[in-house]
Structures are given as structure tokens and as C-alpha cells.
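Data block below; observations after.
Atom set for the values below is all heavy atoms of this structure, side chains included, hydrogens, waters and symmetry mates excluded. Remember, it's 1-based here, ligands and their atoms both numbered in the order they're listed. Remember, it's a predicted structure, so these values are computed and weren't measured experimentally.
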Amino acid sequence: MGKKLRIGWFTFTCCEDSSIIFVEMMNQHYFEWKKLLDFRHCKMLKSKNVLDELDVAFVEGAISSDRDKLKLLEIRGKTKYLVAIGSCACTGGISAQRNTFPEHLKAKIEPVLRKWDLYRDVLRLDQVVTVDDRVDGCPMMEQKFLQVLDKYLVEFGVKKAGAGLPGEKSG
Ligand code: SF4
């Protein structure tokens, strides 16, 4: 069996639409990806997941609590590369809307934040860990995701450079 790229897909505070896009993309790419990707951690696809040594972690959503932060640090410690997926991960996006609330609204949501141990200000991923690549968009831009995936497939020797994007038919 050929070498596969060891990947994980993780979701933090967000609406999870990039996850939906990822699953939708499987309609077109699943059988190709099956040969190229080792889904080590992907709760959308599997009930049994391992968080061990990853080549690339794809991380969707923003960081809004110590729970999120600790988990993200753990992921960063186990992956060679970390890719921010979607605007919420890249810029805080919609998930960080409360950061810009006027004071009276901030006061109103304070009891909820206290109750659930949430940060007053939501963080983008690169405020917590080093981010190697970004796939922006709300939800993520499919073409950019394919480009980033292709880059790492080549870098880890899973496919040859110039062999086309994963799932792309040649000829
Ligand atoms: S970037 Fe957009 S689609 Fe993705 S989680 Fe945030 S709000 Fe949802």
C-alpha cells in the first residue's frame, strides 16, 4: 500500500459549514482521497479517532474558551502543519462577533459567558498557535482547499508534483 498523508479535521466554535463542504466534496473526491489520505482523526467520518502523529491538521472555527485553547495546543503539538479552515479560524469571522458588541450588549451576555466559562473575546487560531496555511472563505473556498491539500500531498511524497489536484481527472 502506498504512503498516505496523515490528516486530522477538527472543529471549534463555529457553525461547521466548512465541515459540510468537506463532506460534500467527498461526493466527487472520496475514492481518490481514500487512496491518498489516512483520516487519523475525523469525527464526521469515523466514531473511533486517534490523535497521535499527524502530517496536517485542518482546523475549523475560532477559540472561545480554555477548553478550546488546550485542545488546539494539543493538536499543534501532534501535527507537523496546521491549516486554518474558513473565516472563523482565519480571522475570528462570525464567531468573534461579540468582540465588537457595544458595551451594553457585552454586559447583557456576561452571565452566559460566565456560566459556560467562555472568553469575553473570541480568538482566531493564530492568536493561540502557529498557523502554516489558511483556507479563507465563509464557508471555506473549495479550490483553495484543494490547492493546500495538493501542496502537502506533494511535500510528503504521497503524490508527484504536477500530477493534478486530488480528484482531478487527467486528459
Ligand atoms: S467561516 Fe463561516 S461557514 Fe465557516 S464556521 Fe465561520 S461562519 Fe460558519
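At the shortest separation from atom 2 (Fe) of ligand 1 among protein heavy atoms lies Cys138 SG, 2.3 Å. Looking from atom 3 (S) of ligand 1 to the surrounding protein, the closest heavy atom is Asp17 CB, 3.3 Å.
Within ligand 1, counting atoms from 1 as listed, the ones closer than 4.0 Å to a heavy atom of Cys15 are 3 (S), 5 (S), 7 (S), 8 (Fe). Counting the atoms of ligand 1 from 1 in the order shown, those under 4.0 Å from a heavy atom of Cys14 are 5 (S). Near Ile94, with a cut-off below 4.0 Å to any heavy atom, the atoms of ligand 1 are 7 (S). Atom numbering of ligand 1 starts at 1 in the shown order; those under 4.0 Å from a heavy atom of Pro139 are 3 (S). For ligand 1 and Ser87, the ligand atoms under 4.0 Å from any heavy atom of the residue are 1 (S).
Partner of Phe22 under the ring-ring contact (aromatic ring centres under 6.0 Å, His included) criterion, out of Phe58, Trp33, Phe10, Tyr30: Trp33 alone.
Side-chain contact check for Trp116 and Ser65: no donor-acceptor pair (N or O, by modelled atom type) lies under 3.5 Å. Asp136 and Thr91 are not linked by any side-chain donor-acceptor pair at a separation below 3.5 angstrom, with hydrogens and angles left out of the test. Checking Thr11 against Glu16 by side-chain atom types alone, no donor-acceptor pair falls below 3.5 Å. Judged by distance alone, the side chains of Tyr119 and Asp68 never bring a donor and an acceptor atom under 3.5 Å apart.
With salt bridges taken as basic N to acidic carboxylate O contacts below 4.0 Å, none links Asp55 and Arg40.
For atom 6 (Fe) of ligand 1, the candidate residues are Gly61, Cys88, Gly92, Ser18; the nearest heavy-atom contact is made by Cys88.
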